[in-house]
Amino acid sequence: MGTIDDVVTVSGYHSARAVLVDDLDVSIEYGMTSDPFGSRENWTEPWSAFPDPKIRGEYCDVFYRGALVDRIHLASVDGGRATLPLPQRKDDEWVVMDWPFRVARLVDSFNNGNEFEDYVKRSGIRKLPA
């Protein structure tokens with residue numbers, strides 16, 4: 001039987017944490033790369049046609065009382081100028097569900113983003129109804 005060192009790998013960490021003031025049991029951490037080994041570092045997609053088209057995948061983890069309850073895959077785009085939800089291709093368009101869209105908007109606002117809606121519009125990503 002192996003030791004814990006044989007099965008546990010630390011592949012990154014979040015750069016920021018936010019706590020909901022009205023309910024201190026709820027928090028998010030974000031900024032950890034979703035590509036810890038650099039196998040898909042700074043890739044591009046048709047929807048990332050910004051001045052800097054490279055995408056950096058990031059995770060946003062949602063915690064309740066310190067327990068991880070959800071992980072949302074986000075995209076840092078245009079040289080880190082905006083954080084968008086990572087869309088999926090459905091038929092002939094790029095779509096994202098309501099929850100990841102809202103989380104991406106929140107994280108973007110923490111990073112001094114005030115052009116989230118403009119970036120979403122320019123990307124052509126469509127938010128599906130809740």
Side-chain angles (χ1 to χ4, degrees):
M1 175 155 233
T3 66
I4 194 163
D5 292 330
D6 295 333
V7 294
V8 174
T9 301
V10 176
S11 59
Y13 57 89
H14 291 288
S15 58
R17 177 178 174 85
V19 178
L20 182 61
V21 174
D22 293 339
D23 186 350
L24 300 178
D25 288 329
V26 178
S27 64
I28 65 171
E29 293 182 7
Y30 57 94
M32 180 172 65
T33 180
S34 62
D35 184 25
F37 304 110
S39 60
R40 195 174 180 201
E41 194 170 303
N42 295 319
W43 81 95
T44 63
E45 295 285 351
W47 57 266
S48 67
F50 305 113
D52 181 348
K54 293 182 288 254
I55 300 166
R56 179 182 184 271
E58 297 180 352
Y59 289 127
C60 177
D61 291 337
V62 180
F63 295 90
Y64 182 71
R65 294 188 174 177
L68 179 65
V69 294
D70 198 7
R71 174 169 274 181
I72 296 98
H73 201 178
L74 302 176
S76 177
V77 298
D78 201 14
R81 291 177 187 83
T83 301
L84 298 178
L86 195 62
Q88 300 294 315
R89 188 77 173 159
K90 184 176 179 184
D91 300 323
D92 288 334
E93 60 185 346
W94 293 96
V95 297
V96 67
M97 299 302 291
D98 184 62
W99 173 243
F101 185 89
R102 290 172 182 257
V103 170
R105 179 189 293 147
L106 178 66
V107 170
D108 186 72
S109 73
F110 292 152
N111 294 325
N112 295 319
N114 58 3
E115 299 180 50
F116 178 81
E117 299 297 335
D118 181 55
Y119 271 92
V120 169
K121 184 177 179 180
R122 289 171 32 199
S123 72
I125 296 172
R126 184 171 74 87
K127 179 180 75 73
L128 296 176

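Computed over heavy atoms, backbone and side chain alike; hydrogens, waters and symmetry mates excluded.
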[X]-[Y] co-clustered via ILVMFWY side chain contacts under 4.5 Å:
{"X": "Phe116", "Y": "Ile125", "result": "yes"}
{"X": "Val62", "Y": "Leu24", "result": "no"}
{"X": "Val21", "Y": "Tyr30", "result": "no"}
{"X": "Val77", "Y": "Trp94", "result": "yes"}
{"X": "Val107", "Y": "Met32", "result": "no"}

Would you indicate whether the side-chain heavy atoms of [Y] and [X] approach each other to under 4.5 Å?
{"X": "Val19", "Y": "Phe63", "value": "no"}
{"X": "Val103", "Y": "Ile28", "value": "no"}
{"X": "Trp47", "Y": "Pro87", "value": "yes"}
{"X": "Asp108", "Y": "Leu84", "value": "no"}

Of all residues at least two apart in sequence or in a different chain, which pass the side-chain hydrogen bond (donor to acceptor under 3.5 Å, both in side chains) check with Arg89?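 Counting only residues at least two positions away or on another chain, Arg89 forms no side-chain hydrogen bond (donor to acceptor under 3.5 Å, both in side chains).
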Do you know which two heavy atoms are closest between [X] and [Y], and how far apart they sit?
{"X": "Glu58", "Y": "Gly31", "value": "OE1-CA, 3.9 Å"}
{"X": "Leu86", "Y": "Ala75", "value": "CD1-CB, 3.9 Å"}
{"X": "Arg56", "Y": "Trp43", "value": "C-CZ3, 4.4 Å"}
{"X": "Pro85", "Y": "Pro100", "value": "CB-O, 3.8 Å"}

Any chance you could measure Ile72, atom CD1, to Phe101, atom CZ, to the nearest 0.5 Å? 14.0 Å
What distance do Arg105 atom CZ and Leu74 atom CG have between them, rounded to the nearest 0.5 Å?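 Spacing of CZ (Arg105) from CG (Leu74) equals 13.0 Å.
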Would you find more than 12 non-hydrogen atoms of other residues, nucleotides or ligands less than 6.0 Å from Glu117 atom CD? yes
If you count the non-hydrogen atoms of other residues, nucleotides and ligands that lie under 6.0 Å from NZ in Lys127, is the total more than 12?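 Yes, enclosed.
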Any side chain to side chain donor-acceptor pair (under 3.5 Å) pairs touching residues 70-86, not counting sequence neighbours?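 Of all non-adjacent pairs touching residues 70-86, those that pass side chain to side chain donor-acceptor pair (under 3.5 Å) are Ser34-His73, Asp61-Arg71, Asp70-Trp99, Asp78-Arg81, Asp78-Tyr119.
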Donor-acceptor pair, side chain of Ser48 and main chain of Pro53, under 3.5 angstrom: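 The answer is yes, because a donor-acceptor pair under 3.5 Å joins these two groups.
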